Amino acid sequence: MKPSVPGNRLEPNTHYPPVPQTPSTLSIAVPDDFSLPIAVCSYGYFLLAPNRWDPDRQQLLRTLQGRRDRLIHIRLRQSGSRLTLACNQPLERAEQAKIKHQVIRMLRLDQDLSQWYHHCPAARRRGFGRLFRSPSFFEDVIKTITTCNVAWVQTRRMNSLLCREFGGGGFSTPHQLAATTPAQLKRKCRVGYRAQRIVGLARRVTEGKIDLEWFEHPHRHVEELMAALLKIHGIGLYAAASLCQLLGHYDHLAIDTETRRHYLTHIRRAQPASADDLRRLDREIEQYYARHGSYRFLAYWFELWQTYEKQRGKRSDRWSEPDADSFTTAQLGTSS
DNA sequence: GGTAGACCTGGACGC
DNA sequence: GCGTCCAGGTCTACC
């Protein structure tokens, strides 16, 4: 065991934004089928800093980037067909639009779910389909890199430290990460070998060598996106498929140990005997979900989400901070 | 094209 | 308290 770095001991939620006093309030109309708790708690990133879900008040707290990257603390609540955003500072008109745009992205409020609901009526009944994501694609990419080759509890720690050490409480921006060195990032945020990849990506973004807006264009083809994502150092098949999902393309499964565990435990009910079996298993998983066509990922995720709820014995929107470090079927299986 | 090993952290476990 | 093992996805060198 290596010695711990002084000052890096961190309770998971110590950096979290305070509940804002409310000098300004914004309102956003939401579709009839929208549920804030289900949208927020549908994907694990809601448990990563600087997001904070309050299950008792059914509200989301976090910081967003305002004008000139100043940090705005927001509190998000649903009241019928509207979302109310309480902000801790007065906002100019342009800044209001910027904040709203980020909230719409996080909750996928502009997404049409009719075809998905037609494909999966059970998802319609639960209002499931708007998987939670970050206010920016950059944050989604960094969060995805921090989920790779690491236990979930460490992913949580890395994101908390990224906010505390470089983001001033909000999530680190490309400029903040580009200005540091891999060695510093590694030392302060415990990201290990990912430091080189994270700083490298941030620098390529700030130098204009990678245009993240290109990825968000609505008419991009999924294979075009996969090819471009796989060119980014540190993004492999799993991460690229995850990022496609976060961009609204559900054609590819992001197969990881969690996927295999879920499939083996709940569908196939038999363990593979060898590494060769494991390779065959991945092909088998692909074939199993192929019937969902361009909704493979959503169908798999809905299945997994229902399993979490069943194992935890309560609705996912009731999950609280102590549950957050055990957000995998393996952990749920041993702790519930 | 397929495969083995390195990358890095922190929790679990044995002593 | 210390040392060792292990899990986790990606990259790279080698066959």
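Per chain, numbering begins at 1; letters A, B, ... match sequence-line order. The shown structure was predicted, so the numbers you read here are calculated from the model rather than taken from an experiment.
Among pairs with a residue in residues 191-203 of chain A, those fulfilling side-chain hydrogen bond (donor to acceptor under 3.5 Å, both in side chains) read A:Asn149-A:Tyr193, at least two apart in sequence or across chains.
Rounded to a whole Å, the CZ atom of A:Arg194 is 7 Å from the C1' atom of B:dT9. Between A:Arg187 atom CZ and B:dC8 atom C1' the separation is 17 Å, expressed in whole Å.
The side chain of A:Thr147 places no N or O atom within less than 4.0 Å of a non-bridging phosphate oxygen (OP1 or OP2) of C:dG9. At the phosphate of B:dG11, neither OP1 nor OP2 sits under 4.0 Å from any side-chain N or O atom of A:Arg190.
Grouping the Ile, Leu, Val, Met, Phe, Trp and Tyr side chains by contacts below 4.5 angstrom, directly or via other members, places A:Tyr238 apart from A:Leu131.
Between A:Tyr45 and A:Phe132, the ring centre distance reaches or exceeds 6.0 Å.
Minimum atom distance to the side chain of A:Val150 is reached by C:dG8, of the listed C:dG9, B:dG10, C:dG8.
On a pure distance criterion of 3.5 Å, a polar donor-acceptor pair joins the side chain of A:Tyr193 and the base of C:dG9.
With the end axes of the helix from B:dG1-C:dC15 to B:dC15-C:dG1 each set by five pairs, the angle from one to the other reads 40° at 10° resolution.
Among the heavy atoms of the strands, none lies under 4.0 Å from A:Leu230. A:Ala239 comes within contact range of the sugar-phosphate backbone alone, with a heavy-atom separation under 4.0 Å but no base atom that close.
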